[in-house]
4 protein chains.
Amino acid sequence: MRALAEIQVIPIGVGVSVRREVIRAHDIIRKTGLTTELHAYGTNVEGDLDTILHAVKAVHETLHAGGTTRLTTALKIGTRTDKESRLQDKLFDPLSS
Amino acid sequence: MRALAEIQVIPIGVGVSVRREVIRAHDIIRKTGLTTELHAYGTNVEGDLDTILHAVKAVHETLHAGGTTRLTTALKIGTRTDKESRLQDKLFDPLSS
Amino acid sequence: MRALAEIQVIPIGVGVSVRREVIRAHDIIRKTGLTTELHAYGTNVEGDLDTILHAVKAVHETLHAGGTTRLTTALKIGTRTDKESRLQDKLFDPLSS
Amino acid sequence: MRALAEIQVIPIGVGVSVRREVIRAHDIIRKTGLTTELHAYGTNVEGDLDTILHAVKAVHETLHAGGTTRLTTALKIGTRTDKESRLQDKLFDPLSS
């Protein structure tokens with residue numbers, strides 16, 4: 001099943017800066033082959049739901065293996081049966097609204 | 001990997017009342033055998049991360065098969081390596097704080 | 001405007017355990033007079049939207065004043081015009097579903 | 001207090017397409033003068049926390065006044081005391097990671 005998702009990974013206990021872990025998480029997601037769009041509050045992805053869920057699991061496993069003790073991920077998943085979801089279709093020109 | 005999670009399913013396009021779909025989603029999650037706690041903003045679960053992710057996928061598949069055209073799920077996932085996470089350990093007596 | 005909400009406060013950089021800050025946040029919310037329900041992934045509240053938003057601001061201000069360097073809050077807000085929202089109305093008996 | 005935030009507005013009961021309401025919400029947020037970045041899962045904003053919270057309230061009030069019966073908003077708020085948060089500072093070049 002095709003899905004859009006937003007993945008935000010928050011490492012807890014690594015200090016005030018979480019940049020190293022966030023970059024690592026984005027890198028893991030990107031290497032799955034999913035279409036990705038990075039923004040200030042997470043990584044938006046487009047692709048197969050199984051791949052998306054597997055990517056989230058891989059992020060937790062890899063960051064824990066790298067020494068991060070605690071992780072919380074906020075994930076939003078969107079699916080629909082009436083048309084194929086695309087990240088770009090969710091955007092619009094705000095200046096024309 | 002053991003995890004805690006919160007699963008909130010929002011059907012879009014079924015009307016102002018979403019109760020039927022929300023009950024169905026909770027039922028699917030509960031039948032996986034995960035420990036569940038229902039609250040006003042979702043179902044908290046405790047158990048294996050694979051089972052949790054599989055439950056989320058099953059909710060999307062089952063509700064779409066039942067006629068819901070569009071679904072968005074908000075999922076929070078917590079994992080840690082220093083101790084076993086339990087839903088009950090995250091609670092405390094607010095009156096004693 | 002009456003609203004339901006879920007408030008989850010995540011202190012970043014205080015260490016792996018965030019319990020002290022989470023208890024403090026819940027306490028601040030509870031003292032606003034809003035109806036509150038604590039669960040493993042946050043505090044659900046029912047009441048006036050202004051009071052809810054003010055509580056969120058007070059949590060950030062108070063925890064920062066107490067030494068927490070970085071905070072992220074996940075907030076869900078629900079409003080509707082067809083009937084008065086109540087936390088208890090969002091629940092149902094899962095065993096009867 | 002300066003803050004970063006992500007605001008995602010989900011109208012419930014308006015049908016499968018929610019584009020009209022989402023555009024309206026983004027427009028309300030943009031007109032507050034906050035720095036905004038639109039993406040597929042919401043609008044990221046940078047600015048004063050009071051202005052951000054006021055914008056969220058204005059979205060609910062304006063969309064309800066325009067006929068939307070039910071709204072749920074997912075809001076993430078980030079504040080920190082060690083440096084000034086900027087949306088652009090949260091980004092990085094994923095190809096260089």
Side-chain angles (χ1 to χ4, degrees), chain A residues 1-14 18 21 24-25 28-29 32 41-87 89-90, chain B residues 1-14 18 21 24-25 28-29 32 41-87 89-90:
Chain A
M1 179 171 28
R2 197 164 182 83
L4 300 184
E6 179 190 66
I7 306 172
Q8 181 198 22
V9 178
I10 305 172
I12 296 175
V14 302
V18 299
E21 290 75 16
R24 188 83 186 91
I28 294 164
I29 297 164
T32 60
Y41 266 99
T43 300
N44 294 342
V45 302
E46 170 188 326
D48 182 65
L49 180 56
D50 278 328
T51 309
I52 293 169
L53 297 176
H54 189 79
V56 171
K57 187 186 169 191
V59 166
H60 280 250
E61 287 176 339
T62 307
L63 291 188
H64 282 316
T68 304
T69 304
R70 189 173 182 185
L71 284 172
T72 187
T73 291
L75 183 63
K76 295 172 184 173
I77 300 169
T79 58
R80 58 194 304 173
T81 57
D82 58 338
K83 63 175 185 178
E84 191 163 302
S85 299
R86 292 186 180 280
L87 284 175
D89 295 344
K90 294 193 75 175
Chain B
M1 181 170 28
R2 197 165 182 83
L4 301 184
E6 180 189 65
I7 307 171
Q8 181 197 22
V9 178
I10 305 172
I12 296 174
V14 301
V18 299
E21 290 75 17
R24 188 83 184 92
I28 293 164
I29 297 164
T32 59
Y41 265 99
T43 299
N44 293 343
V45 301
E46 170 188 327
D48 182 65
L49 180 56
D50 278 329
T51 309
I52 293 169
L53 297 176
H54 189 80
V56 170
K57 188 186 169 192
V59 166
H60 279 249
E61 288 178 338
T62 306
L63 291 188
H64 282 315
T68 305
T69 303
R70 189 172 182 186
L71 283 172
T72 187
T73 291
L75 182 63
K76 294 172 184 173
I77 299 170
T79 57
R80 58 195 303 174
T81 56
D82 58 338
K83 62 175 186 178
E84 190 163 301
S85 299
R86 292 186 179 282
L87 285 175
D89 294 345
K90 293 194 75 176

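Worth knowing before you read on, the calculation uses all heavy atoms, side chains too, and leaves out hydrogens, waters and symmetry mates. So that the names make sense, note that chain A is the first sequence line, chain B the second, and so on, each numbered from 1.
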[atom1]/[X] to [atom2]/[Y] distance, rounded to the nearest 0.5 angstrom?
X: A:Ile7; Y: B:Ile77; atom1: CD1; atom2: CD1; answer: 9.0 Å
X: A:Leu4; Y: B:Thr72; atom1: CG; atom2: OG1; answer: 9.5 Å
X: B:Thr69; Y: A:Lys83; atom1: OG1; atom2: NZ; answer: 12.0 Å
X: B:Leu49; Y: A:Leu53; atom1: CG; atom2: CG; answer: 9.0 Å
X: B:Ile12; Y: A:Thr79; atom1: CD1; atom2: OG1; answer: 9.5 Å
X: A:Lys76; Y: B:Leu75; atom1: NZ; atom2: CG; answer: 12.0 Å

Point to revise | Best-contacting candidate, A:His64, A:Gln8, A:Met1, against chain B by heavy atom pairs under 4.5 angstrom | key: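 The option with the most such pairs is A:His64.
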A:His54 NE2: over 12 foreign heavy atoms closer than 6.0 Å
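No, the 6.0 Å shell around NE2 holds no more than 12 heavy atoms from other groups.
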Using a strict threshold of under 4.0 Å (side-chain N to carboxylate O), is an ion pair present between A:Lys57 and B:Asp50?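 Salt bridge: yes.
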Quiz item: Checking heavy atoms, do the side chain of A:Glu61, its backbone, both or neither come under 4.5 Å from chain B?
Solution: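 Contact with chain B is through both the backbone and side chain of A:Glu61.
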Honestly, the part of A:Val9 sitting under 4.5 Å from a heavy atom of chain B is neither
Nearest heavy-atom approach of B:Thr81 to A:Thr68 is OG1-O, 4.2 Å
